[in-house]
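The next block holds one structure in the form of structure tokens; read it before the comments.
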There are 2 protein chains.
Amino acid sequence: MTGVRAQQKEKTRRQLIDAALSQLSAERSFSSLSLREVAKEAGLAPTSFYRHFADMDELGLTLVDEAGLTLRQLMRQARQRIEKGGSVINISVRTFMEFIDDNANIFRLLLRERSGTSAEFRAAVSREIRYFTLELADYLQAANQLDHQIAQYQADAAVTVVFSAGADALDMNQAEREELSHRTISQLRFIARGAADFSSRIKNKKTT
Amino acid sequence: MTGVRAQQKEKTRRQLIDAALSQLSAERSFSSLSLREVAKEAGLAPTSFYRHFADMDELGLTLVDEAGLTLRQLMRQARQRIEKGGSVINISVRTFMEFIDDNANIFRLLLRERSGTSAEFRAAVSREIRYFTLELADYLQAANQLDHQIAQYQADAAVTVVFSAGADALDMNQAEREELSHRTISQLRFIARGAADFSSRIKNKKTT
DNA sequence: ACTTTCAGCTAACAAGTGTACGCCAAAATA
DNA sequence: TATTTTGGCGTACACTTGTTAGCTGAAAGT
């Protein structure tokens, strides 16, 4: 079944993806990458690119999928660490900061294409972030017995704040990141406190 | 003093700026604009561009400045409306949403270049947003008698949430925006509530 | 009135872009 | 074994890009 051919094809497809990913940096966005550059980096003739993707957009959307996968790994890792005890917020922020370090370019891709020029890209990134947020909302609702909508709002705000902090972290040195983490943790506490407060009000209203 | 010549130069410089601004859209980012396109739109020969800007980056930074100016107008307008009474958060969100409508492309510029490929651009945008945040922090501290750092954190979180909502709003229809506004208002309340709570704790600590 | 300054022009260039076409060798299929 | 499929290549084309060099006419300066 897994013929030599299909295997080889998958391999060079992977090379194209990795080539694109490796060329991303602070100074280089996906949209500034040319088909020829990516093909060259992958050790392919420009025209061979078409054997794997119809155009750069298709490659880009694949990368966004990949990023979504990474995001889910992040969530999983944070959960595992939380299970072992400790402040949920502290652990989450630290885990996220590690993620930024290890996957800076993937994170940059998400940040940039979220407000990019392709509606399809924007939708794809939004979708990935929405999944991420939804998962967090479920967790918050269950863990803190919150009103459903309030948990949604809290999750959304938290993700927004954390992602924004991640974006800022990209341009920072270690000392600055420490301070940033502290700020982010405080902000997440604000949000959690406020959400808990409003949620209990709603419940009191319902039971009286 | 204001020779015919200098006046004319200023005018075509303005044309270049406006040309660039007018070509920005959901599908077109500043970085995807070429010098030739901008010159053409301004009714100039490509090479005449250099009489006004050294390169596209210089034009772009001018645009960011312009955006900062608009941001300050936004803040001023929100304040005026707040003085006339009403919920601060409600008015702020509504004013911001209007701003998004009227200045969609300027706002897109800020969003995109904030995570763009030019360190100089990123710094410029950060600076404008920092001013904006600082102004809000001062206001919050004075109005709600908050701890200084907490006011900073609150302002930062609020700006983050509102900007993020603005980014989302760009791709939405009217009905969706209504819901988005509602969500944003709730999130700002969470943050404000949490900040107030933590701030009063600090003060109690200090006075005991 | 004479000279200098300079915003704007045209022409031209080298470099890079996406993509169409056709060829080839090796794997897959019959 | 004979045939078909297909991943990869080289060539070629039409475009767009930023930028240099040099000219011109009118405003500014003397």
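Convention: sequence-line order gives letters A, B, ...; per-chain numbering from 1.
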Of [range], the positions that come close to DNA chain C - non-hydrogen atoms, cut-off under 4.0 Å:
{"range": "residues 7-24 of chain A", "answer": "none"}
{"range": "residues 35-43 of chain A", "answer": "A:L35, A:R36, A:E37"}
{"range": "residues 26-33 of chain A", "answer": "none"}

Is any side-chain N of the basic residue among A:R177 and A:D101 closer than 4.0 Å to the acidic one's carboxylate O?
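The answer is yes: the pair qualifies as a salt bridge.
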In plain terms, say whether B:R72 and B:E135 are close enough for a salt bridge, that is, a side-chain N and a carboxylate O under 4.0 Å apart.
no
Parallel, tilted or perpendicular: which fits the ring planes of B:F99 and B:F107, with parallel below 30° and perpendicular above 60°?
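Ring orientation of B:F99 relative to B:F107: perpendicular.
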Would you say the ring centers of B:F190 and A:F190 fall short of 6.0 Å from each other?
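B:F190 vs A:F190: aromatic centres not under 6.0 Å.
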Looking only at non-hydrogen atoms, find the nearest pair between B:L16 and B:V38 and report the distance.
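Of all heavy-atom pairs spanning B:L16 and B:V38, the closest is O-CG1, 3.8 Å.
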Below 4.5 Å, heavy atoms only, C-beta onward: do A:I100 and A:F96 meet side chain to side chain?
yes
For a salt bridge (Lys or Arg N to Asp or Glu O under 4.0 Å) check, start with the C-alpha distance between B:R183 and B:D168, then their side-chain angles and the critical distance, and finish with the verdict.
CA-CA 12 Å; B:R183 186 189 80 190; B:D168 292 344; 3.5 Å; yes
Is it true that the side chains of A:R28 and A:S32 contain a donor and an acceptor less than 3.5 Å apart?
yes
Regarding B:Y153 and A:H182, is there a side-chain donor-to-acceptor distance under 3.5 Å anywhere?
yes
Over 12 non-hydrogen atoms of neighbours within 6.0 angstrom of CZ in A:R81:
yes
Other residues, nucleotides, ligands: >12 heavy atoms within 6.0 Å of A:E98 CD:
yes
Ignoring hydrogens and geometry, is there a side-chain-to-backbone donor-acceptor pair from A:T184 to A:A165 under 3.5 Å?
no
A:E37 side-chain N/O to A:S34 backbone N/O, donor-acceptor pair under 3.5 Å
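Such a contact is found between A:E37 side chain and A:S34 backbone.
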CA sep, side-chain torsions, deciding dist, call: B:D197, B:R193, salt bridge (Lys or Arg N to Asp or Glu O under 4.0 Å)
CA-CA 6 Å; B:D197 198 6; B:R193 167 63 48 97; over 6 Å; no
For A:A143, check side-chain contact (heavy atoms from CB on, under 4.5 Å) against everything at least two apart and list the hits.
A:Y139
Look for any protein N or O under 3.5 Å of an N or O in nucleotides 21-27 of chain D and output each such pair with its distance, or none.
| residue | atom | partner | partner atom | Å |
| --- | --- | --- | --- | --- |
| D:dA27 | N3 | B:R5 | NH1 | 3.0 |

5' precedence on DNA chain C between A:A54 and B:S48 (nearest-nucleotide basis)
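With A:A54 and B:S48 compared, the 5'-side residue is B:S48.
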Nearest-angstrom distance from the residue atom CZ of B:F49 to C1' of D:dT19:
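Rounding to the nearest Å, CZ of B:F49 and C1' of D:dT19 are 12 Å apart.
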Think B:S34 has a side-chain N or O under 4.0 angstrom from the OP1 or OP2 of D:dT17?
yes
Go through DNA chain C in 5' to 3' direction and return only the first and the last nucleotide with some atom under 4.0 Å of chain A's heavy atoms.
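Under 4.0 Å from chain A, the extent on DNA chain C is C:dT17 to C:dA28.
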